[in-house]
S.K.: 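Pasting a structure here, questions to come.
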Amino acid sequence: MNWRLEIAVQTPVHSALGDVLSYASTLPVAPGALVRVPLGRREVLGVVWSAQPAGTQDDAAASMELKPIGAVLDALPPLGAAWRDLVAFAARYYQRSLGEIALAALPPQLRDLSAVQLARRLKRQAAPAAAAAVPYGPALTPEQAQALARFDAESGPFLLFGSTGSGKTEVYLQAVAALLERKPQAQALVMVPEINLTPQLEARFKDRFGHSAVVSLHSGMTNPQRLASWLAAHAGAARIVLGTRMAVFASMPALELIVVDEEHDPSYKQQEGARYSARDLAVWRGRREGAKVMLGSATPSLESWHQSRPAEGADAGGRYVRLAMPSRIGTAALPAVRLVDMGLQPPRTVLSAALLDAIGQRVARGEQSMVFLNRRGYAPVLACGDCDWKSECPHCSAYRVFHKIDRTLRCHHCGFTERVPRACPACGNPDIAPVGRGTERLEEHLGELFADVKRADGSPVRIARIDADSTRRQGALESQLAAVHAGEVDVLVGTQMIAKGHDFRRITLVAAVNPDSALFSSDFRAPERLFSLLMQSAGRAGRDAAYLSAQGSTAEMWIQTHHPRHALFAALRRHDYPAFAQRELEERAAAGMPPFAFQALLRADARTQEAAQGFLNAANAAAEGLEGAQQVTRYSAVPHAIQRVANVERAQLLVESASRAALQRLLAAWQPVLHALRKQPEGKGVIRWLVDVDPQSI
């Protein structure tokens, strides 16, 4: 008997080829099996989605001449129904093709292996093994014990709202330990927002559970490493998978627990290709597979906070269970927040005298300070005072950043880099000067200010910088963090890379130099991100109560601002996230913003801004009358904030609705219309378009 197989292959959503392609097979192949199939002139990897005997379809489908499949990678167990459901949901909700999601979720090296090569690789793979008995770790605080007791007793999903230093990681460790003690063959998925936090967490989990039980999955790994980790998870050999957002798609047949650490972090939202939210998919996956889900943060996203609201009056409350851990471990107190009004400082002051004095006192006592500025490079712009020339990027509507270390002007959007000119390219003036400052310039400035200051042992002050530029080389981040932990750094300068997740034991002072720009941003999420970043930064100070006591010191967070009476800073001084969240949610409810409404962006890239906006406005007009359109508000097309990147013009069109279902109905009905428009005169000049559901920035 011949069989007709529906197979998902990697076809972009713009190809309009549909979700699956049909192939012929002389043998039945189980759904979820990996196969190699011809596609054009290539042979590609595909996932079997369904199989049925040939001739059972309608006459038109049955009469089609189908290409036969190539090899079946039958050495690998098929991908389970739960995994296929997750992929299908993600493709449907985020408006992408099924094959695009399915194949992107698999390790890249798997796409290139033949059946023979894969079978050889699997022979070297470790066999599944039960996790060894695990010690439970340190004694729990009453708050940790209560959180775990409720986690065991209730079904969730759960939001672990714990202040920085309250011991959330220990709660994760013990929740996993309890699961593995109860079910030694079970699996747990632990997600972190960024690669640079993974080694730190990986070390803690391996110390507790042993090296063979834990694998990592993130884009910083080599392709062979990713394949080995994925195979271990798929086979059940790995009990615990640690990873970034891509790990939400890991094939884990015995999954029973999902932890999403720092769940508020924007990094969980993919910004290229299929723009999925790993946090939201983790919650959906937990419900589909019967796995418990714990989201953790000191500053939860307003969506999760709203979903975990308790029942009150006519309000039935949210779907999540909120677990609160407001206290730090031991006797450590949250740092005192000090605001410096920069309007009262002398003109062009970078670091106030009071802040410099406070850092100097820390240096004298052998303590560490952290100075946070979320802008890398030496200066954001190089400018000429005579003719007003600025270091604009020729390919983007943005300035190139001046990097003094290698004397380059570098665009952080398209990567275009040139040597710094000897004189102004427009008028020849040799006195071109940096405007503003980034971490590189701040590091240099601190070096000048502390040039004559000595540490207690008489040696000079040691200043280090951690940002995307200083950690570009392999292993650079690990060695720099090790130097901080070893006490070899007195003042650490950096971007948001150093502001969250790290457990620095000797830092007693954290300073935010210039956080004001987010206070009045056009992006309604900017205040939420700023509050989170500042509160997370403050959490790096004073984490070790015993060290503070021995030093006779206190933990402090200094914020230099021109708006010290802003309500955001008032809540921050009290470390009062609930008050901040209540105020923001009231404003959003009044404005009909998420989480009280649901949004999507239709984006278009084109050779000209007119072509991009023309396509979007034509799409807007064509949406009239589509299913769900009456319940969805559609706005006019506008340029992106940075409208040109790498000589491509970018525009976007916002759609929103109080009904998620109505928005999804419109987006689904819109897809064929958009494909058709692309081929009409309105689509001329359009390079690509995409739908971004639940966008994180507008």
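Throughout, residue positions are numbered sequentially from 1 according to the sequence presented.
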S.K.: Work out which heavy atom in Ser297 is nearest to a heavy atom in His264; give both atom names and the distance.
M.R.: OG-ND1, 2.7 Å

S.K.: Any salt bridge (Lys or Arg N to Asp or Glu O under 4.0 Å) involving residues 470-480? Give me the pairs, sequence neighbours left out, ordered by first then second residue.
M.R.: Asp469-Arg472

S.K.: Does the separation of the ring centres of Tyr172 and Phe205 fall below 6.0 angstrom?
M.R.: no

S.K.: Evaluate the side-chain proximity of Leu76 to Leu122: yes if any heavy-atom separation is below 4.5 Å, no if none is.
M.R.: yes

S.K.: Could you check whether any side-chain heavy atom of Leu281 comes within less than 4.5 Å of a side-chain heavy atom of Phe249, counting everything from C-beta outward?
M.R.: yes

S.K.: Who passes side chain to side chain contact (heavy atoms under 4.5 Å, CB included) against Pro38, sequence neighbours left out?
M.R.: Tyr23, Lys67

S.K.: Taking the six-membered ring of Phe158, is NZ or CZ of Lys292 closer than 6.0 Å to its centre and within 45° of its axis?
M.R.: no

S.K.: What pair of heavy atoms forms the shortest contact from Tyr320 to Leu295, and how long is it?
M.R.: CE1-CD1, 3.7 Å

S.K.: So, does Glu262 use its side chain to make a donor-acceptor pair with the main chain of Val192 at under 3.5 Å?
M.R.: no

S.K.: Under the side-chain hydrogen bond (donor to acceptor under 3.5 Å, both in side chains) rule, what do Arg279 and Ser301 come out as? Steps first, then yes or no, please.
M.R.: CA-CA 11 Å; Arg279 177 198 65 207; Ser301 63; 3.1 Å; yes

S.K.: Would you compute the distance between atom CG of Leu242 and atom OG of Ser229 and round it to the nearest 0.5 angstrom?
M.R.: 9.5 Å

S.K.: Using a 4.5 Å cut-off on heavy atoms from C-beta on, say whether the side chain of Arg525 contacts that of Pro594.
M.R.: yes

S.K.: Ignoring hydrogens and angles, state whether a donor on the side chain of Thr244 or His218 is under 3.5 Å from an acceptor on the partner side chain.
M.R.: no

S.K.: Should Leu690 and Arg275 be marked as a side chain to side chain contact (heavy atoms under 4.5 Å, CB included) after you check the CA-CA gap, both sets of side-chain angles, and the distance that decides it?
M.R.: CA-CA 9 Å; Leu690 64 89; Arg275 300 190 174 207; 3.7 Å; yes

S.K.: Can you find a pair of side-chain heavy atoms, one from Leu45 and one from Leu73, that are under 4.5 Å apart?
M.R.: yes

S.K.: With distance as the sole test, does Ser97 use its side chain to make a donor-acceptor pair with the main-chain N or O of Glu100 at under 3.5 Å?
M.R.: yes

S.K.: Going by the salt bridge (Lys or Arg N to Asp or Glu O under 4.0 Å) test, which pairs reach into residues 182-202, not counting sequence neighbours?
M.R.: Lys183-Glu256, Glu194-Lys500, Glu202-Lys206

S.K.: Is there a side-chain hydrogen bond (donor to acceptor under 3.5 Å, both in side chains) between Ser50 and Glu6? Walk through the geometry before answering.
M.R.: CA-CA 5 Å; Ser50 65; Glu6 303 297 333; 5.3 Å; no

S.K.: Taking 4.0 angstrom as the limit, do Arg204 and Glu170 come out as a salt bridge?
M.R.: yes

S.K.: Quick check against the 3.5 Å criterion: does Arg239 have a side-chain atom that pairs as donor or acceptor with the backbone of Pro184?
M.R.: yes

S.K.: Which value, rounded to the nearest 0.5 Å, describes the distance between Gln187 atom CD and Leu180 atom CG?
M.R.: 9.5 Å

S.K.: Report yes if some heavy atom in the side chain of Leu602 is under 4.5 Å from a heavy atom in the side chain of Trp670; otherwise report no.
M.R.: yes

S.K.: For Glu272, is there any backbone N or O sitting under 3.5 Å from a side-chain donor or acceptor partner on Gln270?
M.R.: yes

S.K.: Do Leu231 and Arg121 touch side chain to side chain, with heavy atoms closer than 4.5 Å?
M.R.: yes

S.K.: Hey, what's the ring geometry for Trp83 with Trp49, parallel, tilted or perpendicular (30° and 60° as the breaks)?
M.R.: tilted

S.K.: Do the side-chain N and O atoms of Glu263 and Ser304 include a donor-acceptor pair separated by under 3.5 angstrom?
M.R.: yes

S.K.: Can you tell me how far CZ of Arg120 sits from CG of Leu113, rounded to the nearest 0.5 angstrom?
M.R.: 10.0 Å

S.K.: Output yes when Lys269 and Asp265 qualify as a salt bridge under the 4.0 Å nitrogen-oxygen rule, no when they do not.
M.R.: no

S.K.: Take Trp3 and Leu66, measure what side chain to side chain contact (heavy atoms under 4.5 Å, CB included) needs, and give me the verdict at the end.
M.R.: CA-CA 10 Å; Trp3 292 78; Leu66 299 180; over 6 Å; no

S.K.: Verify salt bridge (charged side-chain N to carboxylate O under 4.0 Å, His left out) between Asp85 and Arg288, making sure each step is shown before the conclusion.
M.R.: CA-CA 8 Å; Asp85 285 350; Arg288 165 62 180 83; 2.7 Å; yes

S.K.: Does one side chain, of Arg376 or Thr495, offer a donor that lies under 3.5 Å from an acceptor on the other?
M.R.: no

S.K.: With side chain to side chain contact (heavy atoms under 4.5 Å, CB included) as the criterion, how do Leu98 and Val87 come out once you've worked through the C-alpha distance, each side chain's angles and the decisive distance to 0.1 Å?
M.R.: CA-CA 7 Å; Leu98 189 69; Val87 167; 4.0 Å; yes

S.K.: If we only count heavy atoms from C-beta on, is the Val20 to Leu5 side-chain gap below 4.5 Å?
M.R.: no

S.K.: Just do the ring-ring contact (aromatic ring centres under 6.0 Å, His included) check on Trp689 and His675 with the steps written out, would you?
M.R.: CA-CA 9 Å; Trp689 58 267; His675 283 299; 5.3 Å; yes

S.K.: Which pair of heavy atoms, one from Val241 and one from Ala233, lies closest together, and at what distance?
M.R.: CG2-CB, 3.7 Å

S.K.: Which atom names give the shortest non-hydrogen contact between Gln480 and Thr471, and what distance separates them?
M.R.: OE1-CG2, 3.1 Å

S.K.: Within a strict 4.5 Å, meaning less than it, do heavy atoms of the Arg4 and Pro53 side chains meet?
M.R.: no

S.K.: When you measure from the side chain of Tyr276 to the backbone of Ile101, do you find a donor-acceptor pair of N or O atoms at a distance under 3.5 Å?
M.R.: no

S.K.: Distance check, rounded to the nearest 0.5 Å: Asn2 atom CG versus Leu27 atom CG?
M.R.: 9.5 Å

S.K.: To the closest 0.5 Å, what do you measure between CZ (Arg285) and CE (Met252)?
M.R.: 7.0 Å

S.K.: Could you tell me whether a side-chain N or O of Thr417 sits under 3.5 Å from a main-chain N or O of Gly415, the two making a donor and an acceptor?
M.R.: yes

S.K.: Anything under 30° is parallel, anything over 60° is perpendicular, the rest tilted; go ahead and classify Phe504 against His485.
M.R.: tilted

S.K.: Verify the neighbour count for atom CZ of Arg607: are there more than 12 heavy atoms of other residues, nucleotides or ligands below 6.0 Å?
M.R.: no

S.K.: List the atom of Leu179, the atom of Ala188, and the distance in Å for their closest heavy-atom pair.
M.R.: CD2-CB, 4.3 Å

S.K.: Side chains of Tyr93 and Asp694 only: does a donor on one sit below 3.5 Å from an acceptor on the other?
M.R.: yes

S.K.: Mind listing the closest non-hydrogen atom pair of Cys411 and Cys396 along with its distance?
M.R.: SG-SG, 3.8 Å

S.K.: So, taking the atom named CZ in Arg208 and the one named CD1 in Ile240, what distance separates them when rounded to the nearest 0.5 Å?
M.R.: 10.0 Å

S.K.: Between Arg36 and Val72 (side chain of the first, backbone of the second, donor and acceptor by atom type, cut-off under 3.5 Å), is there such a pair?
M.R.: no

S.K.: Can any side-chain N or O of His234 pair as donor or acceptor with the backbone N or O of Pro77 at less than 3.5 Å?
M.R.: yes

S.K.: Any donor and acceptor pair, going by atom type alone, linking the side chain of Arg650 with main-chain N or O of Ile642 inside 3.5 Å?
M.R.: yes

S.K.: Do the side-chain N and O atoms of Gln109 and Arg226 include a donor-acceptor pair separated by under 3.5 angstrom?
M.R.: no

S.K.: Please determine whether a side-chain nitrogen of the Lys or Arg among Asp692 and Arg603 lies less than 4.0 Å from a carboxylate oxygen of the Asp or Glu.
M.R.: yes

S.K.: Decide yes or no on side chain to side chain contact (heavy atoms under 4.5 Å, CB included) for Val171 and Val259, but give the supporting numbers first.
M.R.: CA-CA 10 Å; Val171 171; Val259 172; over 6 Å; no

